[in-house]
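Have a look at the structure below before the remarks.
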Amino acid sequence: MSFSPEWLALREPADHASVNALVREQLRARLASKPLVRVVDLGCGAGSNLRGTWSALGPKQHWTLVDYDPTLLAVARARLTTFGAGEPMTHGGLRLTLPGTTIDVTFKQVDLSRDDLGQIVDGADLVTAAAFFDLASQGLVDRLTSAIAARRQTFYTVLTYDGIAAWLPEVLASAAMRAAFNRHQHGDKGFGPALGPDATGSLAKGLGDRNYTVTTGASPWVLGADFIALRRDLDQGFAGAVHETGLVPSADIDSWLAARLVSLDAVTIIGHQDLLAFPR
Ligand SMILES: C[S@@+](CC[C@H](N)C(=O)[O-])C[C@H]1O[C@@H](n2cnc3c(N)ncnc32)[C@H](O)[C@@H]1O
């Protein structure tokens, strides 16, 4: 499944504004005083998670950004260079200089559906991901939680879709649209049947069973006039996904979408969960 750099850029400000501040504070309390923190970011896309999370960590950070899409890895490098006055390092890395913080970044092309997860997370203090785990299967969660627990690593993931989708103004088709979309979320996104809205529960159970303390918190998108381009793009994506399910009559989807696209003050609310887990 591929994601365009334009879509990731469009969603990034909303993502950063939505992250759960209480869960983020717990991450800061746990790791900000560490002189060096080594981070692996799974499904890094264009590097949004680093740009959103670095300020909660300590003065020296090493990030390994992994993704299977070489185009996104190249875009991540370019966007991070601009973001943190990036200087190239040996072996293709990048050194970012941000207020009070130096971050060395390494980029790795990795397929998380196939490659050895133990090797990918090895050496990290923190394994993280953003907007990724709703794509994952139960098998991936099992393999990953077991690799992380074997290394007693901290785990932090943000913006996992949780099944809440609401649109204002509410119309008759909304409930059927939501049910169809949530069915679509369980389709195969490259890892086998996806967990979709069940992903946070599955991560929490997998890590809880492995002797981790787990905290979760909501990080919903509330997309009104401030995020109108993202809201319209998302509504279009929703309609497309619902069409694919065949569960809602096409005419209902089309009139739902047409009304949303012309509206200037419609609101879309998408529920997400953030999760922090550390070994007991
Ligand atoms: C919704 S995007 C999120 C990107 C980024 N974390 C962000 O917050 O903007 C999901 C990311 O997962 C990556 N991805 C999907 N399947 C993957 C796989 N099998 N191996 C590695 N990366 C994968 C995609 O290329 C994409 O960058």
Side-chain angles (χ1 to χ4, degrees), residues 1-20 23-24 39-54 56 63-80 82-83 105-121 124 126-144 147 155-162 181 184-197 199-200 203 219-221 227 230 233-234 237-238 240-241 270-275:
M1 187 165 185
S2 69
F3 295 84
S4 77
E6 295 76 23
W7 162 249
L8 296 180
L10 187 61
R11 63 175 291 166
E12 182 165 334
D15 283 348
H16 291 180
S18 303
V19 159
N20 186 287
V23 180
R24 171 66 51 87
V39 186
V40 171
D41 182 21
L42 306 172
C44 66
S48 171
N49 195 20
L50 186 159
R51 288 185 290 279
T53 306
W54 72 273
W63 283 68
T64 303
L65 267 51
V66 309
D67 205 289
Y68 69 171
D69 183 333
T71 304
L72 287 180
L73 288 170
V75 174
R77 174 189 296 280
R79 289 188 186 163
L80 287 168
T82 308
F83 176 73
V105 189
T106 307
F107 302 88
K108 275 196 188 154
Q109 191 181 351
V110 153
D111 185 344
L112 294 164
S113 72
R114 274 201 325 237
D115 296 341
D116 181 343
L117 294 179
Q119 234 170 45
I120 293 166
V121 300
L126 170 66
V127 178
T128 184
F132 174 73
F133 274 99
D134 36 62
L135 308 174
S137 59
Q138 185 60 50
L140 177 64
V141 168
D142 290 343
R143 289 191 294 126
L144 186 70
F155 178 72
Y156 175 61
T157 187
V158 295
L159 299 156
T160 307
Y161 177 61
D162 69 1
F181 181 76
H184 189 272
Q185 283 284 295
H186 288 292
D188 187 341
K189 309 289 190 305
F191 299 99
L195 286 163
T200 299
L203 286 165
S219 51
W221 276 347
F227 291 109
L230 175 60
D233 212 74
L234 191 68
F238 248 90
I270 300 296
H272 298 117
Q273 290 285 317
D274 296 353
L275 178 150

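As the structure is a prediction and not an experimental result, all values here were calculated from the model. Each ligand, and each atom within it, is numbered from 1 in the order the structure gives.
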Tell me which part of [X] gets within contact of ligand 1: side chain, backbone, both or neither, using heavy atoms under 4.0 Å.
| X | answer |
| --- | --- |
| Tyr68 | both |
| Ala130 | both |
| Leu72 | side chain |
| Leu8 | side chain |
| Val110 | backbone |

Quick one: does [X]'s side chain have a donor or acceptor within less than 3.5 Å of a partner on [Y]'s backbone?
| X | Y | value |
| --- | --- | --- |
| Asp67 | Cys44 | yes |
| Asn20 | Asp274 | no |
| Arg51 | His16 | no |
| Ser137 | Phe191 | yes |
| His272 | Tyr161 | no |
| Thr128 | Asp41 | no |

(message) So is Asn49 touching ligand 1 or not, going by heavy atoms under 4.0 Å?
(response) no
Heavy atoms only: which of [options] lies closest to [atom]?
| atom | options | result |
| --- | --- | --- |
| atom 2 (S) of ligand 1 | Ala131, Gly45, Ala76 | Ala131 |
| atom 5 (C) of ligand 1 | Cys44, Ser113, Ser2, Ala136 | Cys44 |
| atom 11 (C) of ligand 1 | Ala129, Gly43, Pro70, Gly52 | Gly43 |

(request) Identify the residue among Val66, Leu80, Thr64 that makes a side-chain contact (heavy atoms from CB on, under 4.5 Å) with Phe107. (result) Leu80
(request) Applying side-chain contact (heavy atoms from CB on, under 4.5 Å) between Arg143 and each of Leu112, Asp116, Leu117, report the one that passes. (result) Leu117
Can you tell me the protein heavy atom closest to [atom] and the distance?
| atom | value |
| --- | --- |
| atom 25 (O) of ligand 1 | Asp67 OD1, 2.6 Å |
| atom 20 (N) of ligand 1 | Leu112 N, 2.9 Å |
| atom 9 (O) of ligand 1 | Ser48 CB, 3.6 Å |
| atom 12 (O) of ligand 1 | Phe132 CD1, 3.5 Å |

(message) Distance under 4.0 Å to a non-hydrogen atom of Phe191: what atoms of ligand 1 satisfy this?
(response) 16 (N), 17 (C), 18 (C), 19 (N)
(request) For Asp111, counting its heavy atoms only, list the atoms of ligand 1 lying under 4.0 Å from any of them. (result) 18 (C), 19 (N), 20 (N)
(message) Checking Pro5 now: which residues fulfil side chain to side chain contact (heavy atoms under 4.5 Å, CB included) with it, not counting sequence neighbours?
(response) Leu72, Val75, Arg79
(message) Can you confirm whether Val39 sits close enough to Trp54 that some side-chain heavy atom of one is under 4.5 Å from a side-chain heavy atom of the other?
(response) no
